[in-house]
Q: 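Can you read through this structure? Questions will come right after.
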Amino acid sequence: MRTAFLQSLTTLMEQDKNIVTITADMGFSVFEEMQQKFPTRFINTGVTEQSSASIAAGLALSGMKVFFYAQAPFITMRCFEQVRLDIAYNNLDVTIVGASSGFYSNQLGVSHFALEDIALMRLLPNMSVFAPGDSVEMQGVMKYVYKRKSPSYIRVTKAGSPVVYAKPVSSVSTAIELFSGDEATVFVTGSLLPVAKKVAENLQKKNITISLFSVPQIKPLDEKTILREAKKMKKIITIEDHYITGGLGSAVSEVIAASNAQ
């Protein structure tokens, strides 16, 4: 998935000389080619996420389109105040990309867990939140955020995920239906999409059918699809690599509670 992000960003930088990429000491084995291609539009700020966020804001205020890349726990938590005040409240054209999200960096301990990032980014005004489930969704998300002029957060897993889709997705702003069934509706976001797809396939072999939707955009949420499924299904299940509080599960619950759908 990270490779799809890098390829998409490199293509966009080739097409648009107004794009600048900032990374907080994440260049080794990742950005060498980009740095060689765009030496004046690639900035490695070192381990200074707070400063990086403010630099991104300054570049955006100067008319640049900024992609800011670092590990998910540090790009959302360590510099939350700067993202909140400098980027979100000013509604700036900065895309924040959090790598190694969820439990991916488990071997490095709790400091590198990113299990609160969706919740934090959902809190911020003007901020859209994305969690692509495979490389195809990632490509769709990159095209979508490129057209935006407001802040975005993209949650990325470092490792390559199995590719779920055989062709590009038509939209990443709405829930994508992969299976249709009558036992339950499952909404999944992010890196657990291939796992959810496998579960749906295994259940089918046992004559148990579920509706499975991928949710690459968590904020704003596709409320129409959620409410439709909530009205016709007795069971709604969410799957995500995030704390139960504040993530996709909370977002779906909030939509249903607010509408009195059940």
Side-chain angles (χ1 to χ4, degrees), residues 1-6 9 21-31 44-53 56 66-84 86-88 94-124 127-135 137-138 141-142 145 151-161 172 187-196 214-219 221 238-252:
M1 193 184 304
R2 186 181 68 179
T3 300
F5 158 72
L6 288 170
L9 180 55
T21 297
I22 297 174
T23 182
D25 197 37
M26 294 285 287
F28 180 71
S29 78
V30 180
F31 287 110
N44 188 340
T45 59
V47 187
T48 58
E49 286 84 1
Q50 296 98 324
S51 296
S52 302
V66 185
F67 285 82
F68 172 28
Y69 179 95
Q71 287 192 326
F74 309 130
I75 205 170
T76 59
M77 297 178 231
R78 178 175 291 165
C79 58
F80 182 75
E81 181 180 7
Q82 286 75 22
V83 172
R84 173 177 175 261
D86 296 349
I87 297 173
V94 177
T95 297
I96 299 165
V97 183
S100 303
S101 60
F103 272 117
Y104 181 80
S105 296
N106 60 81
Q107 75 278 8
L108 298 175
V110 69
S111 64
H112 285 65
F113 294 171
L115 300 172
E116 308 95 331
D117 56 329
I118 293 174
L120 288 170
M121 294 297 101
R122 282 184 63 220
L123 287 170
L124 298 177
M127 183 74 69
S128 289
V129 179
F130 301 88
D134 75 346
S135 60
E137 284 191 358
M138 171 59 74
V141 167
M142 288 295 289
V145 299
S152 301
Y153 174 62
I154 305 177
R155 196 176 201 250
V156 183
T157 51
K158 184 177 180 181
S161 300
V172 295
F187 293 104
V188 59
T189 192
S191 62
L192 293 180
L193 172 59
V195 176
S214 177
V215 186
Q217 180 170 298
I218 303 170
K219 180 192 174 186
L221 201 57
T238 60
I239 302 175
E240 60 189 313
D241 188 11
H242 188 275
Y243 278 133
I244 194 170
T245 304
L248 175 65
S250 290
V252 170

Q: List for me each residue that meets ring-ring contact (aromatic ring centres under 6.0 Å, His included) alongside F80, sequence neighbours excluded, and say none if there are none.
A: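 Applying ring-ring contact (aromatic ring centres under 6.0 Å, His included) to F80 gives none.
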Q: Measure across A88 and M127 and return the closest heavy-atom pair with its distance rounded to 0.1 Å.
A: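 That would be CB-CE, 4.5 Å.
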Q: Quick check for you: to the nearest 0.5 Å, what is the distance between I96 atom CD1 and Y153 atom OH?
A: 8.5 Å
Q: Could you state the interatomic distance from CE (M138) to OG1 (T3), rounded to the nearest 0.5 Å?
A: 10.0 Å
Q: With T95, which residues qualify under side-chain hydrogen bond (donor to acceptor under 3.5 Å, both in side chains), at least two apart?
A: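 T95: no side-chain hydrogen bond (donor to acceptor under 3.5 Å, both in side chains) contacts found.
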Q: Do T45 side-chain atoms and D25 backbone N/O form a donor-acceptor pair below 3.5 Å?
A: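 It does not hold such a pair.
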Q: Minimum heavy-atom separation for L120 to M77, with atom names?
A: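 Between these two residues, the closest heavy atoms are CD1-CG, 3.5 Å.
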Q: Roughly how far, to the nearest 0.5 Å, is the CG atom of L124 from the CZ atom of R84?
A: 8.0 Å
Q: For a quick test of reading the model, state the closest non-hydrogen atom pair linking D134 to M1 and the distance between them.
A: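 Looking at all heavy atoms of both residues, the closest pair is N-CE, 3.9 Å.
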Q: Shortest non-hydrogen contact from R122 to V129?
A: N-CG2, 4.0 Å
Q: Do the rings of F5 and F67 sit parallel, tilted or perpendicular, given the 30° and 60° boundaries?
A: tilted
Q: What is the minimum heavy-atom distance between A24 and N44, and which atoms define it?
A: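 So the minimum-distance heavy-atom pair works out to C-OD1, 4.1 Å.
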